[in-house]
Every structure is written in structure tokens, then in C-alpha cells.
Amino acid sequence: MKILVVDDETDVRTLFEQRFRREIRSGQFSFSFAYSGEDALAYLHDHASEVVLILSDINMPGMSGLELLKQIKQQYNAPPPMPPQVMMITAYGDDDSYQQAMQLGANDFLTKPVDFAALKEKLTLLASHEN
Amino acid sequence: MSVNTTIFFTIPVAMLIVRSMRRFFDLPARLPRLNHALNWIWAPGVALYVIALLLQWKTDQLDEIYLLLVFGVVLVVLLRLQNYRPARTVLLAMVPYVLYSAIELELELTGGAFLKEYDDAFDTSQGFALIWLFTFILIARNQKKQLEKERIQREEEEKAKRLIEAQNAELERLVTERTASLTQQAEELREALTELRITQTQLIQSEKMASLGELTAGIAHEIQNPLNFVTNFSDVSAELIEELEEERLRPDRDPELEAELLVDLKQNLQKITHHGQRAASIVRGMLEHSRASTGERQPVDLNVLADEYLRLAYHGLRAKDKTFNATLNTDFDPKLGTVQAISQDLGRVLLNLFTNAFYAVQKKKERCPEGYTPTVSVRTLHLPDGDVEVRVRDNGTGIPEAVQKKIFQPFFTTKPTGEGTGLGLSLSYDIITKGHNGTLTVETQEGEGTEFIITLPQTDGAEAPKD
């Protein structure tokens, strides 16, 4: 299962690669990284059908996570075979952001610091559904 | 009736003369002692009479003698008064008549023959002497009146002078009074100025604190991120160690995997250090920002400072308005080097410019949300002449021309009451121009955006740009 992580903090890559090292090694998950909303859209443009899940930070310079979510939902609403799932992650766990994310069609909403154990469970569940 | 008794008619005449003299010359005031003595004018008359009686001297000239004596007294008095012009005139008036009387008396006493012979001439002389006498007495009267007039005039002048002097004194008093009150006012103003200066210092401090308040949320966000990394990396490192231990217990150990794990561990520890330092530097920055400026110059890397405050300002605003988003563009000149500057002061200037820039793009976004990308850019440049330039640009609302001249004035703000102190830009201007001998200028177009340009001179202690 291919997952695209979008965050302006570059160290997120190292972190995810280590957190999911076993899953990556076993080929259960594969991660790609984008460091801005714009990067993420460009990546999706080239790899639309591969990405199953997008994990995006909300607070980023330039295009925000919510804007990205909106764009994804508009552009990839019904691509074959299935639209990608989008999970939002934010440091500001406020109700406004949550409501807005849900309204824009986010599939989930996580707050920082990310509970990787819980995230792993969610991803595993999702992967099993896919298979 | 005895011949001698005619003297008793002359005595009242003498007293009359004395009286008129007293009145005319104001003797009691001018010659008080002589005036007193004149009370005894009758005495010589009486004495003459008594002497004549005793000597059995019968003559009809006794009153003439007495009169001459009285004239003599009058002349003495007039001589004493010779400084007084009418007195001199009267003196002149009397001289011929007295001379005439004296000669006549002399001739009478020595025998009347000569007198009778020249009777006509004597009569004429007496007439002339009398006319002379009365004419000059009239002149003397006029002179006296004239003098009196002059005296009154002088007195009036004196009075006027005194009045003017009194008025002058009053004026002088008023001036003194005014001066005193002015001095007091000046003193009060000086006190007010001192108080204002103190208030200004307090305001500057509170402006600092207000901007710190704006920063708090940004700082919290900025600290949260590195802290998350520290937690996550130490967490994942524990997992890596666990895996490493498991690997070592296995009979078929994979040395490659073990090496990879070790490399990762080392890398993680470096990441932990890095993010720990990142958080520490943010806290340090916050402390520096709130601390009163030490005024100490140190080498400052404007690229680092600008980047740090750009993020702080951005996250500060985001914390207030979650929906707000902006594109941040940075263009840092790698050859910038350092400048000798007061870092926390420059930080405040940058924070202020960034906050304003974000405010401007936020306002524009509120007005026309569609198709507008709020953008704030910062650019540093090492100028050919050695100066250093920092440009903070936004594509926000711009500044109307009418307002442009006022933006650096203290307490001028376009923000609603309570949102801005109106001190940000004026303080920034002072910090750049007075504190660092630089310039702070603005280029703006209403509706299009604004660019603030800081130019700082390359100071002596600054490092040469590295190539």
C-alpha cells in the first residue's frame, strides 16, 4: 500500500521510515514524501493511481493541508479504481480545523504528536481492507 | 497833637508793608526766623518816639526816619531773597524811592533851603520814583504769577512723572509676576516631559510585551514541532535498540542489518540533539525579545534572524486565525556575512515588518478571497558598496498615499483600537536609523502590496563575505 506523507518538516521522512521500518522491509507499506501542498499535487499528478492514502499536515507555508485536501477531492473524486483516502494531521487540535477538514471530505483527523502505534493500527486495518 | 505822634500813623503803614511782603513772598515758608523778627517792626518806631520824647527833640521827620528804617529792613529782606526773581525786581523797584527818601530826609534834617529851592525837581523825582516803584511791583507781581504758573506746571509734570513711575512699577510687578508664572509653567512642562519620557519607556516595553503576546502562539507551535521530534526519535530509537538486541540473540545474525540499525541510531541521536537545540534557540530568542535591550552589538547573521522571525510571525498569526495561510518566499544571499548589530532590536524590527506584512495580506484575502495567494517574501542582499539590505515584501493591501507619510509616526495605527499600539513602525524606524545608522524606507502601491527596505551599513567588526 502506497502512502504519501505531506509535511514541511523534512525529518518526518526519517521518522516514518524508522517507525515503519518492519512494514517497509516486508513490503506492506511504501512511503513517499512531499514537503509542501504544491509538491504533493505534483507527485499525485504523476502517480495518481498508485497512492492509496495521503497523510497531510495542515499547517504548512504556501498551500495549506486543507487547501490540498480540497484540491485532491476536486481532482481525484472518481479516478479509477478508487479515490485516495486523506488523513489530516495538525498541531492545532481545534474544533474549527476539524470541522473544516471533515466538511472538505477528510477521512480522518489526527493531532500531533502523532501516536504511531494508533496510526499503525489504522494503516494496517486500511491495508487489510484493500487486500 | 504833638508833631512826633505822626509816627503812630506810620507804624500801621510799616506793619501793612510787612504784611503784604509776607503774603507776596511767602515769608513764613522762605525765611521763618526773619519773618518772626518782623513781628517787631513796630518796636523801632516806638523806640524812636520814646527817645525823641526823652531828648525833647521835636521834629516832623521822625516818621520819615522810621519809614526809611522800615525800607532798610525791607531791603535786607529782599537781599536775603535775591535768588527769588520777583524779590530782585521789587528790590530794583524800591532802590530809587528809598534813595530819594534818604536824600530828602538828609536835606530836611540839614535844613530845608535846598529842598525848597528845587521843590519842583524833587516833586518830579518823587513822582518818577513812585511810578518806577509801582511799575516794578506790578512787574514783580506778574513775575510771581508766571513763576507760580511754572511751579504748578512743574508740579503737574512731577505728578505725571510720578504717575508714570507708579505705572512703571506696576508694570514691573506684573512682568515679575508673569515671569514667575511662566517659570512655573516651564517647570511644570519640564516635569510633564519627564513623565512623558518615563511613560514612553514603559510604552516601548509594553509594545515589546504585546508583540511577545503575538508571538506566544507562534513560539508554542515552533517549540511543539521540535519537541515532537525529540519524543518520536527517542521512542523510535528505543525500538531500534530492541530490534538490535533481538537480532543479536538470533543464531543467524545479520551483520548488515545490525550496522544499518546502528547507523540509524546514531542519526536519530543527532536528530534529537538538533531538535533539542532548535527548541532551545526558540526559547532563547523569546527571552532575548522580551529582555530589555542591552545595547550590546554582536555579529548577527541576518539570514538566520530573518528566517526565525518570519516563521514566528507566521505561526503567531496562524494561531489567531487558523484558516489563514500564506506563501512564504525566502531569498537569502549566501554571501551576506554578518553585521555588527543589536540582535534583539533587529529581531523586533523584522518581527514588526513581518507581522504587518501578514496583516496586510490577511486583510486583502478577506476582501477578495478568490484567486489570491497571500505571499510574504524576505530577501537579503549584500550590496556592492558593502551595505546589507533586507527587503520584506507582501502582496497585500498596500498603503494609501495619504497614510504613507504618517506610518513612522509614534501612535499612528490603521488597526482598530486595541489591536495596534501604533509604536511598531516608529520604534523600528528608530532602531534602524538611530540605533544602527541604517535606513528604513517603504515602497508601496495601494491594492498591490508593500515593500519595506532595511539598509544597514557594513560595520567595522563585520566579517568579510565568504566566497
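Chain naming here is simple, since letters A, B, ... match the order of the sequence lines and numbering starts at 1 in each. Just so you know, these numbers come straight off a predicted model, no measurement behind them.
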- Which members of residues 27-44 of chain A, sorted by number, sit under 4.5 angstrom from chain B on a heavy-atom basis? none
- Message: Can you give me the closest heavy-atom contact between B/V236 and A/Q18, atom names plus distance?
- Response: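 Looking at all heavy atoms of both residues, the shortest contact is CG1-OE1, 3.2 Å.
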- Message: Could you report the tightest heavy-atom contact between A/D11 and B/F233, atom names first, then the distance?
- Response: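 Between these two residues, the closest heavy atoms are O-CZ, 3.8 Å.
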Contact origin within [X] toward chain A - heavy atom pairs under 4.5 Å:
| X | answer |
| --- | --- |
| B/D235 | both |
| B/F229 | side chain |
| B/L257 | side chain |
| B/L240 | side chain |
| B/E243 | both |

- Note on the structure: d(A/T14 OG1, B/N268 CG) to nearest 0.5 Å is 8.0 Å
- Starting from the C-alpha separation in whole Å, work towards a yes-or-no answer on salt bridge (charged side-chain N to carboxylate O under 4.0 Å, His left out) for A/R21 and B/E239. CA-CA 10 Å; A/R21 57 186 300 110; B/E239 280 176 22; over 6 Å; no
- Item | pair B/N232-A/R19: side-chain heavy atoms closer than 4.5 Å |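 Heavy-atom side-chain distance check passes, below 4.5 Å.
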- Query: With side chains defined as the heavy atoms from C-beta onward, is the minimum distance between B/N225 and A/K112 less than 4.5 Å?
  - Reply: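 Side chain of B/N225 against side chain of A/K112, heavy atoms only: contact under 4.5 Å found.
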- Which portion of A/V114 sits near chain B, non-hydrogen atoms under 4.5 angstrom: backbone
- Neighbour count above 12 (heavy atom, 6.0 Å) for A/K70 NZ: no
